[in-house]
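Values in this document were obtained by computation on a predicted structure and should not be read as measured data.
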Amino acid sequence: MEAIIGRYRAQVQEQGVTLRHVSGIAFDISAQEALGLLDLLSAYRETLQQIQEQQAQGKTDSSSDPDASL
């Protein structure tokens with residue numbers, strides 16, 4: 001299985017997951033490490049969603065304010 005996540009290509013393989021950045025940097029994550037990462041992301045899902053919403057609002061607010069980039 002393969003997916004694109006932002007600037008990363010994620011590939012699920014027998015031994016785990018490979019994340020490859022467009023610059024060529026790659027991370028090989030074992031199945032156990034991938035599950036640990038999933039647990040971490042699940043625990044902080046709500047916090048991450050709030051950060052994403054704040055960033056989206058910030059982009060919207062600054063795009064309507066011509067002095068925001070000064």
key: Hydrophobic cluster partners of I25 (side-chain heavy atoms under 4.5 Å)   =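 Members alongside I25: M1, Y8, V12, V17, L19, F27, I29.
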query = When Ile, Leu, Val, Met, Phe, Trp and Tyr are grouped by side-chain heavy atoms lying under 4.5 Å apart, directly or through other members, which residues fall in the same group as V22?
reply = none
ask   = Sequence neighbours excluded, which residues qualify as side-chain hydrogen bond (donor to acceptor under 3.5 Å, both in side chains) partners of Q55?
value =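 Applying side-chain hydrogen bond (donor to acceptor under 3.5 Å, both in side chains) to Q55 gives none.
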Nearest-0.5 Å distance that lies between atom CD in Q52 and atom CD in Q57 =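 Output value for this atom pair is 11.5 Å.
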ask   = Hey, what do you get for CD1 (I51) to CD (E46), rounding to the nearest 0.5 Å?
value =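 Rounded to the nearest 0.5 Å, the CD1-CD separation comes out at 11.5 Å.
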Between side-chain atoms of residues 33-45 and protein atoms elsewhere (two or more places apart, or another chain), which donor-acceptor pairs fall under 3.5 Å?
{"residue": "E33", "atom": "OE1", "partner": "S30", "partner atom": "N", "Å": "2.8"}
{"residue": "E33", "atom": "OE1", "partner": "S30", "partner atom": "OG", "Å": "3.3"}
{"residue": "S42", "atom": "OG", "partner": "L38", "partner atom": "O", "Å": "2.9"}

key: Pairing residues for E14 by the salt bridge (charged side-chain N to carboxylate O under 4.0 Å, His left out) criterion, not counting sequence neighbours   = none
Set of salt bridge (charged side-chain N to carboxylate O under 4.0 Å, His left out) partners for R20, sequence neighbours left out = none
Within 6.0 angstrom of Q49 CD, more than 12 heavy atoms from elsewhere =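 Enclosed: over 12 neighbouring heavy atoms sit under 6.0 Å from CD of Q49.
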